[in-house]
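Scroll down for the structure; my scribbles are underneath it.
Keep in mind the model is a prediction, meaning the values are calculated, not measured.
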Amino acid sequence: MLFKTVKYILGKLKAAFTDLVPVILVIGFFQVAVLRQPLPDFGDVVLGSILVVVGLMLFVEGLEMGLFPIGEAMADALTRKGSLFWLLVFAFGLGFSTTVAEPALIAVADEAARIAASGSFIGSDEAAKSSYSLGLRMTVAFSVGFAILIGVLRILKGWPIYYLIIGGYIFVIIITLFAPDEIIGIAYDVGGVTTSTITVPLVTALGVGLASTIRGRSPLTDGFGLIAFASLTPMIFVMLYGIFIFN
Amino acid sequence: MGDFAEELYRVLLSTSIDVAPILGLILFFQMAVLKRPVPNAKRVILGSIYVVIGLALFLLGLEKALFPLGELMAQQLSAPEFLGTEASERSEWTSYYWIYIFAATIGFATTIAEPSLIAVAIKANEVSGGSIKNWGLRITVAIGVAFALSLGTFRIVTGTPLYIYIIAGYGIVTIQTVFAPKHLIALAYDSGGVTTSTVTVPIVAALGLGLSKAVPGSNPALDGFGLIAFASLFPIISVLAYAQYREWIIHRK
């Protein structure tokens with residue numbers, strides 16, 4: 001029993017470690033072959049990497065154990081219940097709440113606040129920084145929720161994905177013209193940040209699940225596309241947020 | 001050690017708040033809409049505890065390892081001693097070539113190993129009826145990311161405006177969409193989103209910001225971003241191109 005548990009944990013740790021292996025290899029190669037010097041603060045980096053691996057392992061394990069199964073079961077139950085309103089509310093809530101807990105977004109929003117404070121776009125006290133980073137995250141969470149809602153509608157109505165994406169591109173370009181310079185960089189970046197560890201599997205499961213329950217939809221072609229749309233809307237809404245707070 | 005414990009406590013508290021909305025959503029829908037008790041409540045609670053602790057450890061480790069690593073690499077590879085130039089002057093963009101090579105290598109290596117991309121590649125093979133090869137797609141996306149990060153670091157070094165690149169990229173995607181095989185479009189769009197994983201994003205973000213701090217006359221708050229945006233846009237272009245190339249090969253036979 002104990003042996004099995006240890007083996008299980010080691011297996012999971014290995015999976016989390018795999019994410020880090022290419023990074024270690026590339027950085028190791030550059031330190032040895034190009035820079036020809038030891039990595040500064042080596043101890044801290046090793047300790048931090050261990051924390052990252054163990055943390056990511058626990059995080060994914062917790063998701064797979066408790067949250068993914070119930071999320072899928074609920075999406076399924078709601079589709080069969082046949083209430084469009086609740087399905088859409090659920091889609092929004094799912095996108096919103098998973099984005100709030102997205103690790104990469106927490107990290108990048110905090111870093112963006114630090115950078116904005118050092119460029120004195122916002123106050124440099126802790127309160128100003130945390131309100132800026134919270135504002136960013138809430139805006140992104142709202143936009144991902146909105147994107148998933150639209151994405152679900154798309155699957156139900158059978159709209160082609162490229163209308164939404166190209167329409168989104170046009171929106172992004174128009175809003176860029178009005179957005180203050182301080183926000184454009186981070187707004188473009190958060191689009192890619194939002195869709196990582198939690199959001200991608202849950203959203204894909206929702207899309208593919210929906211497309212397979214509805215007649216005449218193929219899970220393989222209609223189930224995809226939600227993620228792309230969820231990385232577009234944050235750009236639009238974060239620029240609007242920037243117009244709101246910097247002007 | 002006391003500092004660490006205090007830090008851990010602070011992070012645990014804030015991650016609990018971060019995870020709360022998911023639990024709220026589940027509870028609300030089970031109680032109010034589906035009107036059923038939560039199935040496997042024990043596993044859900046235990047799972048949430050894991051999620052909170054895991055998220056806290058990840059964020060602590062990120063501060064200690066991933067952010068500093070990205071920034072350190074940018075600093076080391078753009079240091080005047082390494083470039084062999086004077087500290088205050090703005091060097092030619094060509095002298096930063098190690099940065100471009102590093103960005104491309106890290107982009108390629110992390111993308112090839114990305115688990116969610118492997119899953120997408122297997123599905124793409126099914127959808128396309130075998131015309132999209134598993135390895136072909138992974139290498140295509142990885143080349144897209146490698147090119148994106150190189151170009152992104154070039155943009156930071158030269159300080160050219162981000163939106164020009166993005167708008168040009170959108171133009172290319174739009175034109176490609178017209179010609180690409182219809183059933184692969186959604187998949188190609190999604191491949192942009194899946195490349196940027198939780199481990200890669202902080203390193204890449206820190207690389208950009210660190211580079212922009214190190215390049216004389218560059219402002220991190222204005223110029224330091226954009227790498228992640230590029231890394232989500234260019235794979236779309238490379239995958240659409242690959243899909244079209246495969247289609248062309250098959251039709252030519």
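For a residue to count as touching a neighbouring chain, one of its non-hydrogen atoms must lie under 4.5 Å from one of that chain's; by this rule B:F67 touches chain A with the side chain only. No part of A:M57 comes within reach of chain B, as not one of its non-hydrogen atoms sits under 4.5 angstrom from that chain. Both the backbone and the side chain of B:P220 have a heavy atom closer than 4.5 Å to some heavy atom of chain A. With a 4.5 angstrom heavy-atom cutoff, B:I106 touches chain A via backbone and side-chain atoms both. Interface residue B:L72: only side-chain heavy atoms are found under 4.5 Å from chain A. Residue A:L47 touches chain B through its side chain alone, counting heavy-atom pairs closer than 4.5 Å. Using a 4.5 Å cut-off between heavy atoms, A:A141 makes no contact with chain B at all. Within the 4.5 angstrom heavy-atom criterion, only side-chain atoms of B:L59, from C-beta onward, approach chain A. Within the 4.5 angstrom heavy-atom criterion, atoms from both the backbone and the side chain of B:T105 approach chain A. For chain A, the nearby part of B:I203 is the side chain; its heavy atoms alone come within less than 4.5 Å. Interface remark: B:V52 contributes no atoms to any contact with chain A (heavy atom separation under 4.5 Å). Only the side chain of B:L233 comes within less than 4.5 Å of a heavy atom of chain A; its backbone N, CA, C and O stay farther away. Heavy atoms closer than 4.5 Å to chain A are found in the side chain of B:L23, but not in its backbone. Neither the backbone nor the side chain of B:F230 comes within contact range of chain A; no heavy atoms are under 4.5 Å apart. When heavy atoms are compared at a cutoff of 4.5 Å, B:K42 does not approach chain A at all. The parts of A:V89 that come within reach of chain B are both its backbone and its side chain, each placing non-hydrogen atoms under 4.5 angstrom from that chain. Only the backbone of B:L227 comes within less than 4.5 Å of a heavy atom in chain A; its side chain stays farther off. Both the backbone and the side chain of B:L62 come within less than 4.5 Å of a heavy atom of chain A.
Looking at B:S212 and B:D223, their side chains never bring a donor and an acceptor atom within 3.5 Å of each other.
Partner B:L117 forms a side-chain contact (heavy atoms from CB on, under 4.5 Å) with one of B:T110, B:T111, B:V145 and no other, that one being B:T111.
For the pair B:L162/A:Y188, a side-chain contact is recorded, criterion being any heavy-atom separation below 4.5 Å from C-beta on. Contact of the A:P22 side chain with the B:I112 side chain is not registered, since no non-hydrogen atoms from C-beta on lie closer than 4.5 Å. With contacts defined as side-chain heavy-atom distances shorter than 4.5 Å, the pair A:L164/A:R154 qualifies. At least one side-chain heavy atom of A:V108 sits less than 4.5 Å from a side-chain heavy atom of A:I186.
Chosen from B:K64, B:R43, B:E63, B:Q76, the residue pairing most often with chain A at heavy-atom distances under 4.5 Å is B:Q76. Here B:G226 is the residue among B:S232, B:G24, B:G226 with the most heavy-atom pairs under 4.5 Å with chain A. Interface summary for chain A: among B:A56, B:G54, B:S14, B:P21, the most heavy-atom pairs under 4.5 angstrom belong to B:G54. Heavy-atom pairs under 4.5 Å with chain B peak, among A:D44, A:V46, A:I166, at A:I166. Annotation: maximal heavy-atom pairing with chain B below 4.5 Å, among A:L25, A:I106, A:T176, occurs at A:I106. Of the listed residues (A:V172, A:I50, A:L232, A:L20), the greatest number of heavy-atom pairs within a distance under 4.5 Å of chain B belongs to A:V172. Between chain A and the options B:L46, B:L222, B:L55, B:V44, the largest number of non-hydrogen pairs under 4.5 Å is found for B:L55. When each of A:V34, A:I184, A:V23 is scored by its heavy-atom pairs under 4.5 Å with chain B, the top score falls to A:V34. The candidate from B:I166, B:I49, B:I185 with the greatest count of non-hydrogen atom pairs under 4.5 Å with chain A is B:I166. Contacts with chain A were tallied for B:V19, B:I45, B:L209, B:N219; B:L209 has the most, counting heavy-atom pairs under 4.5 Å.
Taking the six-membered ring for Trp and the full ring otherwise, B:F29 and A:F90 have centroids separated by under 6.0 Å.
Using modelled atom types, one side-chain atom of B:Q176 and one backbone atom of B:I237 make a donor-acceptor pair closer than 3.5 Å.
Counting non-hydrogen atoms of other residues, nucleotides and ligands closer than 6.0 Å to CZ of B:F108 gives a total above 12. B:Y50 OH: 12 or fewer foreign heavy atoms inside a 6.0 Å radius.
Taking the six-membered ring where tryptophan is involved, the planes of A:F246 and A:Y132 are tilted, since the angle between them lies from 30° to 60°. Using cut-offs of 30° and 60° on the angle between ring planes, the pair B:F28 and A:W86 is tilted. In this pair, A:F30 and B:F102 present their aromatic rings perpendicular. The plane angle is above 60°, beyond the 30 to 60° band.
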Worksheet entry | Residues B:E71, B:K213; criterion salt bridge (charged side-chain N to carboxylate O under 4.0 Å, His left out); working and verdict | CA-CA 9 Å; B:E71 206 169 324; B:K213 274 181 205 158; 3.0 Å; yes
Worksheet item: Stepwise, does the side-chain hydrogen bond (donor to acceptor under 3.5 Å, both in side chains) test hold for B:Y189 with B:T177?
Response: CA-CA 10 Å; B:Y189 287 164; B:T177 302; 2.9 Å; yes
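The existence of a salt bridge linking A:E126 and A:R114 is excluded, since no basic side-chain nitrogen approaches an acidic carboxylate oxygen closer than 4.0 Å.
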